[in-house]
Amino acid sequence: MLVQAVPQWQGATWAGADVRLPTGCRALAALASEVLGVPAREVPVGSEGTSTVDNIGNKSALVANRQAQLAALEEPEGPVLTLGGDCAVDLVPVGVARYRHGPGLGIVWFDAHADSNTPASSPSGAFHGMVLRSLLGDGDPDFAASPPLAPGHAVLVGTRAFDPAERQAVADGLLRHVPVPSEPDAIAGAVTDSGATKVYLHIDLDVLDPAEHGPLMHYHEPGGLSVEQLVAGIESLARFDVVGAAITECATPRRRDLEALVPVLQAVSRLLAD
């Protein structure tokens, strides 16, 4: 398994993201190296923001960062665990997985938010809220995946904050949704119903309940999952061929907060080792 830390923040637009997301990424990478016994390799990304273009904040910085990730994934040594950084760090790993594994690839997206706006529908211009829609081949042509994930092959888990266009994407069958409490059988059933033959796992830490794990995340959407529920959801994917994973949006470097994620790291590692 290859562990890659991508301390990108430009996909987020909230104040302080340029400090909290890179430092959180590096702290999570240090913990993952210790827990998993695998050194984390940092992918160099830019440290500066750029202007908003086509309603995408820091667009040129994100395009430049993508090239560094593509170079880092040219010859992966087995499954890749990507640690972020904002959710947009998964644009390249999922795109590469789709290219390598074919149209049967599906994705399970643990996230408080649907991340499925287009630039036209985004209220913020933050690309981390558009990345899943880009992986489905929609939105800005500089980011739209080619080949894309098939409609219905993306399963949202634990999502509880939707913009109108994102709700419509679920209603139209572009996305599937397993709401909280996100029971393991419901997650596995949604993946089975999608017809996906291989699975990529994405975890945004704001899927967790902020009442218990608020320091880990910037966005505090009430009613999230416990660590135990998240681990059970991860373990429900053991019946599928999981080809890659990411843990994103870590917003704290504090060890005492991060230690709650040890069982999550262990569960993800078991999936990727099978």
Side-chain angles (χ1 to χ4, degrees), residues 1 3 24-25 27-38 40 79 81-84 87 90 106-115 132 154-162 176-194 196 199-274:
M1 179 176 62
V3 180
C25 170
L28 179 59
L31 178 65
S33 295
E34 179 182 328
V35 171
L36 305 180
V38 178
L81 171 60
T82 300
L83 305 174
C87 283
D90 238 358
I107 189 164
V108 177
W109 197 269
F110 283 86
D111 201 313
H113 309 89
D115 294 352
L132 183 54
V155 179
L156 298 170
V157 180
T159 306
R160 50 204 187 273
F162 291 86
R176 298 172 188 268
H177 180 216
V178 182
V180 177
S182 306
E183 296 291 346
D185 287 346
I187 298 169
V191 176
T192 299
D193 290 346
S194 77
V199 174
Y200 187 100
L201 169 63
H202 172 96
I203 301 168
D204 180 331
L205 293 178
D206 69 13
V207 77
L208 294 169
D209 192 338
E212 187 174 358
H213 299 290
L216 291 172
M217 64 199 76
H218 170 70
Y219 295 103
H220 288 195
E221 302 290 352
L225 302 179
S226 66
V227 164
E228 292 76 15
Q229 287 173 312
L230 175 56
V231 169
I234 294 167
E235 291 175 340
S236 75
L237 302 177
R239 69 193 74 179
F240 304 102
D241 184 5
V242 180
V243 298
I247 302 174
T248 68
E249 302 273 346
C250 182
T252 180
R254 292 185 298 189
R255 177 65 180 243
R256 65 179 178 272
D257 298 321
L258 291 169
E259 285 178 348
L261 299 176
V262 169
V264 175
L265 288 164
Q266 291 171 331
V268 171
S269 178
R270 288 192 295 270
L271 275 188
L272 296 180
D274 288 345

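Predicted model only: the values in this text are computed from it and were never measured. Only heavy atoms go into these numbers, but all of them, side chains included; no hydrogens, no water, no symmetry mates. The first residue in the sequence is number 1, and the count goes up from there.
- Annotation for Val231 and Ala267: closest pair CG1-CB, 4.1 Å, computed over non-hydrogen atoms.
- At least one side-chain heavy atom of Phe240 sits less than 4.5 Å from a side-chain heavy atom of Thr192.
- When all heavy atoms of Val242 and Leu237 are compared, the pair lying nearest together is CG2-O, 3.7 Å.
- Residues Pro210 and Met217 have side chains in contact (heavy-atom distance under 4.5 Å, counting atoms from C-beta outward).
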Stepwise side chain to side chain contact (heavy atoms under 4.5 Å, CB included) test for Gln229 and Ser182: CA-CA 8 Å; Gln229 287 173 312; Ser182 306; over 6 Å; no

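- Atom CH2 of Trp109 and atom OG1 of Thr248 lie 7.0 Å apart (nearest 0.5 Å).
- Just one residue in the list Pro215, Cys250, Pro253 forms a side-chain contact (heavy atoms from CB on, under 4.5 Å) with Leu258, and that residue is Cys250.
- Across all non-hydrogen atoms, the minimal contact from Thr159 to Ala114 is CG2-N, 3.6 Å.
- To the nearest 0.5 Å, atoms NE2 (His220) and CG (Asp206) are separated by 9.0 Å.
- A distance of 8.5 Å separates CG in Leu265 from CD1 in Ile203, rounded to the nearest 0.5 Å.
- The nearest pair of heavy atoms linking Tyr200 to Asp90 is OH-OD1, 2.5 Å.
- Looking at every heavy atom in both residues, Val38 comes nearest to Met1 through CG1-O, 3.5 Å.
- The distance from the CG atom of Asp111 to the CZ atom of Arg160 is 8.5 Å, given to the nearest 0.5 Å.
- Looking only at atom types and distance, the side chain of Asp204 has no donor-acceptor partner in the side chain of Tyr219 under 3.5 Å away.
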Working for side chain to side chain contact (heavy atoms under 4.5 Å, CB included), residues Leu156 and Leu132: CA-CA 10 Å; Leu156 298 170; Leu132 183 54; 3.7 Å; yes

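- Nearest heavy atoms, Asp115 versus Cys87: OD2-SG, 3.6 Å.
- Note: Asp257 CG to Leu31 CG = 11.5 Å, rounded to the nearest 0.5 Å.
- Atom CD of Glu249 is separated from atom CG of Leu205 by 8.5 Å, given to the nearest 0.5 angstrom.
- Formation of a donor-acceptor pair under 3.5 Å by the Ser236 side chain with backbone atoms of Gly233 is found in this model.
- Partner Val191 forms a side-chain contact (heavy atoms from CB on, under 4.5 Å) with one of Val199, Val157, Val178, Ile107 and no other, that one being Val199.
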